[in-house]
Each structure stands twice: as C-alpha cells, then as structure tokens.
Amino acid sequence: MRVGESNWAGNHAYGADAVLTPRTVDEVREAVAAAAGVKALGSRHCFNAIADSPGGVLLDLSGLDTPVEIHDGTVTVGGSARYGDFAAQLHAAGFALPNLASLPHITVAGSIATGTHGSGRRQPGLASAVSAIELVTADGGLRTFTREDGEFPGLAVGLGAFGVVTRLTLDLVPAFDVRQDVFDDLPWDAAYRHFDEIEDAGYSVSMFTNWVHDVVDQVWVKSRVDAFTDRPGLFGAVPADGPRHPAHAAGIPADNCTPQQGVPGPWHERLPHFALAFTPSVGDELQSEYFVPYRHAVAAVRAVREIGDLVAPLLLVSEIRAIAGDEAWLSPCHGGDRVALHFTWQPRQADVEAVLPVLEERLAPFGARPHWGKLFHSGGLEALYPRMADFRALAGELDPGGKFRNPFLDRHVFGG
C-alpha cells in the first residue's frame with residue numbers, strides 16, 4: 001500500500017487512499033470487488049485526473065505476470081505492458097503494429113482508453129488495432145469482449161469507465177522498416193497551400209512550430225523504406241543538417257530522439273519520436289491536444305496563429321499531425337479523419353490553464369475535441385460525441401454503482 005503518488009509530470013497528486021499492487025488477475029478481481037471506488041494506474045502519463053479515484057483505491061498492474069503471446073497475426077499482452085517492452089519481440093517474429101504513439105513508454109491499456117493515436121493520414125489511432133479486451137468488472141467478474149460484440153466500439157476508448165483492463169489482443173501487420181527525414185523552415189504559405197501533399201509525403205508526418213515564427217520550424221517525415229521517394233526539399237523546407245529534437249528551436253538537444261537523417265531502421269525504432277531508453281520528450285512539461293476535422297485543418301491552424309503571441313511564451317513546442325478516422329464511440333477521431341494540434345507546455349500550470357479557454361474558444365467553430373488524457377478547460381463534451389448517450393448507457397450496465405467513476409468523468413462524460 002502506497003499513498004502520496006503523483007502522475008508522470010508531477011502536476012497531479014492522486015487523491016486515492018491506497019495504491020495496491022496485485023500480482024495475479026485473481027488479486028485484481030478481489031481488489032475490485034472489495035473497493036468502493038477504484039482505478040487502474042498505467043504509465044501515469046495523463047496530465048489530468050482521469051485515472052484518479054479520490055478516497056478510493058488505485059491498482060498498479062505493473063507486477064502482473066502476463067506473457068506476450070503472438071499467434072495468427074495477433075499479439076495478446078497484459079494491460080500494463082508498454083509498447084516499447086514488446087515491440088522488438090514482434091519485429092523479431094516478423095510482425096509490426098501499424099501505428100505507434102510518440103512515446104513508446106506508455107501502456108497499451110492506458111493509451112487506448114484515452115484515444116491516444118500516433119500519426120499518419122492513413123493510420124487510425126492505437127485503439128483501432130485492438131480486437132479483444134479482457135476486463136475485470138465492478139463485481140469482480142472477468143469478461144472478454146471482441147470486435148464482434150456490438151458494444152465493442154464503446155469499450156475501445158473506455159476512459160476507465162467500464163472496469164480494469166487486464167489483457168488485450170492487437171492485430172498485427174508484416175514487419176517493415178522506416179526512415180526518418182527532417183526538413184527545416186517550411187514557409188507557412190506553403191504549409192497552407194500544400195497541406196494535403198505534405199501530409200501525404202510519408203507514412204507519418206509531423207510539423208513542429210511555436211506559432212509565431214515566420215516558418216514552420218520542422219517537418220518530420222517518416223517513410224516506409226519500401227515506399228520511399230527521395231526529395232531534395234519539401235515545398236521550400238530544406239533537409240536538416242543534423243538530428244533534431246521537436247523543440248530544437250528552444251535549444252533542446254536531440255539525444256533522446258529516435259534516429260533521423262534517413263537512416264533506415266525497424267518500425268518500432270522510427271515511428272515514435274522518442275527512444276525508450278531515455279526520459280520521454282522533455283520530461284518537465286505539461287501537454288494539451290485538440291482534434292479538428294481534417295477539412296478544417298488549415299483554418300484551425302490559422303486561428304491558432306492569430307493568438308500565437310499569447311500561446312508561444314508558455315510553449316516548449318507544438319505539433320500538427322493527421323490521424324485517420326475510426327468508429328470508437330469516444331475516440332477523438334470518431335466519424336472521420338482529424339488533424340491534431342498538440343501543445344507541449346512549460347510546467348506553468350496556472351498560466352497554461354488561463355490560456356486554455358482562449359485557445360478553445362478559437363478552436364470551437366471547428367468542433368475541436370480535446371485529448372482525454374491531457375489538460376483542457378471545457379466541461380461536458382456531449383455535443384462533440386454523437387454516441388455519448390450510448391457510452392453512458394453501457395457504463396450503467398457494466399458499472400451500475402459507479403465504482404469506476406470519478407469527478408473527471410462526472411464533469412466531462414456523465415454531466416454530474
């Protein structure tokens with residue numbers, strides 16, 4: 001039993017009375033059945049209270065002994081497994097996941113629960129690879145749901161509202177190699193006029209900016225080696241003369257980033273921005289992210305640039321990237337392709353929280369959805385999610401006593 005725990009960024013102290021470390025699924029079931037309120041802890045990379053259980057119990061599942069099972073083009077892992085822990089094993093067996101997030105340090109269960117996504121105009125978020133979920137429900141029961149079940153799109157991005165995920169099965173694709181090329185100083189006019197072509201320049205494309213510079217500082221193009229097209233530049237951007245950190249403009253070295261400059265490597269060593277062996281990203285930071293329909297991408301970017309002078313002093317860096325749509329009920333990309341505007345903030349929470357309402361007001365005309373695991377200001381989000389009522393009904397069936405609810409979910413999902 002441990003108390004006094006905080007999240008990865010140190011900006012949220014958990015309000016639970018105890019942290020338990022079950023070693024078996026049966027111990028998870030016993031703990032859930034006995035608790036009045038309970039949540040599972042993953043990598044603790046959420047920047048808000050979504051994973052907290054004030055006055056209840058937190059379950060640290062990192063001690064569960066769940067083997068990695070590769071079979072018939074799928075992999076089954078424990079809910080606390082981090083992508084970086086088993087990706088090399090997949091590659092050695094000739095398989096890959098089609099997409100990865102910027103950080104390989106995050107857990108599978110936590111990533112899918114919050115709609116974490118990765119990048120690529122043709123690549124949907126991480127939850128789209130999930131074909132089965134093993135879940136400990138409020139009464140301590142153990143249930144498995146598969147993609148064939150009608151409620152599965154609700155469970156896929158579940159926000160921790162349905163139970164504790166103990167195992168997941170993910171669909172795999174054949175292993176592939178990727179090269180990563182970085183371009184500096186993309187003119188904004190070119191970014192606007194050629195947005196589609198830039199997003200199609202590779203398997204995964206990210207633009208990095210602080211919103212006030214005259215150019216987009218960097219464009220990272222991650223290309224499958226078997227589909228690579230060489231180019232001397234990118235609509236006015238020029239190849240970087242050395243490795244880059246996304247926040248290179250802020251003077252941060254690229255030591256913890258994945259290899260660049262066109263050096264080929266396995267998918268799991270190129271699709272993330274940051275290497276598993278190092279502290280992810282900058283470390284001492286806060287994050288927010290908003291998803292707008294792809295058709296509104298350029299207009300939304302212009303809207304943020306109009307308040308660049310307000311945003312830039314608090315930033316380490318901002319990222320612009322596309323994600324394919326999916327059908328998970330509470331996925332930020334539900335119902336169509338989206339572009340994510342990501343903000344990595346300096347650790348100045350009060351100042352950031354003062355800016356968020358202004359930023360969200362600018363993005364509201366575009367139907368922007370916030371990332372569930374990052375800082376945002378908006379309250380109820382029902383108008384942004386057409387299946388919200390179905391999500392609430394499913395939560396009522398699986399957790400009638402509200403054991404997995406918390407103040408965050410009450411405010412943003414259940415309307416309490």
Side-chain angles (χ1 to χ4, degrees), residues 22-29 40 42-43 59 61-101 103-118 120 122-137 141-158 162-178 203-204 224-226 265-272 276 324 326-328 331:
R23 299 295 178 184
T24 66
V25 172
D26 283 343
E27 289 182 4
V28 174
R29 298 176 65 183
S43 59
L59 300 184
L61 304 185
S62 59
L64 287 183
D65 183 17
T66 307
V68 176
E69 301 174 2
I70 304 171
H71 182 68
D72 288 341
T74 67
V75 61
T76 299
V77 299
S80 65
R82 302 184 306 167
Y83 285 94
D85 292 336
F86 63 91
Q89 184 176 344
L90 295 183
H91 188 76
F95 293 105
L97 291 165
N99 204 355
L100 288 174
L103 307 179
H105 312 70
I106 55 180
T107 63
V108 179
S111 302
I112 69 157
T114 55
T116 297
H117 49 89
R122 306 290 186 271
Q123 311 307 320
L126 304 183
S128 294
V130 180
S131 58
I133 298 174
E134 181 184 89
L135 190 72
V136 176
T137 53
L142 189 66
R143 297 184 61 178
T144 298
F145 297 87
T146 72
R147 196 176 281 141
E148 285 69 42
D149 295 317
E151 62 268 76
F152 195 77
L155 294 163
V157 179
F162 302 116
V164 174
V165 174
T166 48
R167 283 160 52 99
L168 305 101
T169 298
L170 313 175
D171 292 338
L172 301 175
V173 297
F176 57 96
D177 287 340
V178 175
Y203 188 83
S204 166
R224 287 184 59 131
V225 171
D226 56 11
W267 55 279
H268 61 93
E269 295 180 0
R270 297 297 185 275
L271 293 181
L276 181 65
D326 61 60
E327 295 308 315
S331 166

Would a 4.5 Å heavy-atom cut-off, applied to side chains only, mark [X] and [Y] as touching?
X      : Y      : answer
Gln123 : Leu100 : no
Asn99  : Leu126 : yes
His268 : Pro104 : no
Thr76  : His71  : no
Phe95  : Thr74  : no
Thr166 : Thr66  : no

With no hydrogens and no angle check, is any side-chain donor or acceptor of [X] less than 3.5 Å from a backbone partner on [Y]?
X      : Y      : answer
Ser80  : Leu61  : yes
Arg147 : Val130 : yes
Ser111 : Thr107 : yes
His105 : Leu276 : yes

State the [atom1]-[atom2] distance between [X] and [Y], to the nearest 0.5 angstrom.
X      : Y      : atom1 : atom2 : result
Phe162 : Arg143 : CZ    : CZ    : 11.5 Å
Ser128 : Ile112 : OG    : CD1   : 10.5 Å
Thr169 : Asp72  : OG1   : CG    : 11.5 Å
Leu135 : Ile133 : CG    : CD1   : 7.5 Å

Report task. Let me see the working for Val178 and Tyr203 under side chain to side chain contact (heavy atoms under 4.5 Å, CB included), right down to the final yes or no. Result -> CA-CA 9 Å; Val178 175; Tyr203 188 83; 5.6 Å; no
Testing the basics here: between [X] and [Y], what is the closest heavy-atom pair and its distance to 0.1 Å?
X      : Y      : value
Asp326 : Gly125 : OD2-N, 4.4 Å
Ser43  : Ile106 : OG-CA, 3.6 Å
Arg23  : Leu64  : C-CD2, 3.4 Å
Ile70  : Leu90  : CD1-CD2, 3.7 Å
Trp267 : Ala87  : CZ2-O, 3.5 Å
Val77  : Val75  : CG1-CG2, 3.8 Å

Query - Full working for side chain to side chain contact (heavy atoms under 4.5 Å, CB included) between Phe86 and Leu97 - result: CA-CA 11 Å; Phe86 63 91; Leu97 291 165; 4.3 Å; yes
Query raised in the report: Stepwise, does the side chain to side chain contact (heavy atoms under 4.5 Å, CB included) test hold for Val108 with Tyr83?
Result: CA-CA 6 Å; Val108 179; Tyr83 285 94; 3.8 Å; yes
Query raised in the report: Looking at residues at least two apart in the chain, or sitting in another chain, which of them share a salt bridge (charged side-chain N to carboxylate O under 4.0 Å, His left out) with Arg122?
Result: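 Once residues adjacent in sequence are excluded, the partners of Arg122 under the salt bridge (charged side-chain N to carboxylate O under 4.0 Å, His left out) criterion are Asp200.
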**Report entry** Audit row: Leu271, Phe176, side chain to side chain contact (heavy atoms under 4.5 Å, CB included) steps and yes/no
**Finding:** CA-CA 11 Å; Leu271 293 181; Phe176 57 96; 4.2 Å; yes
Query raised in the report: Of Leu59, Val165, Leu142, which is the lone residue that meets side-chain contact (heavy atoms from CB on, under 4.5 Å) with Val136?
Result: Leu142
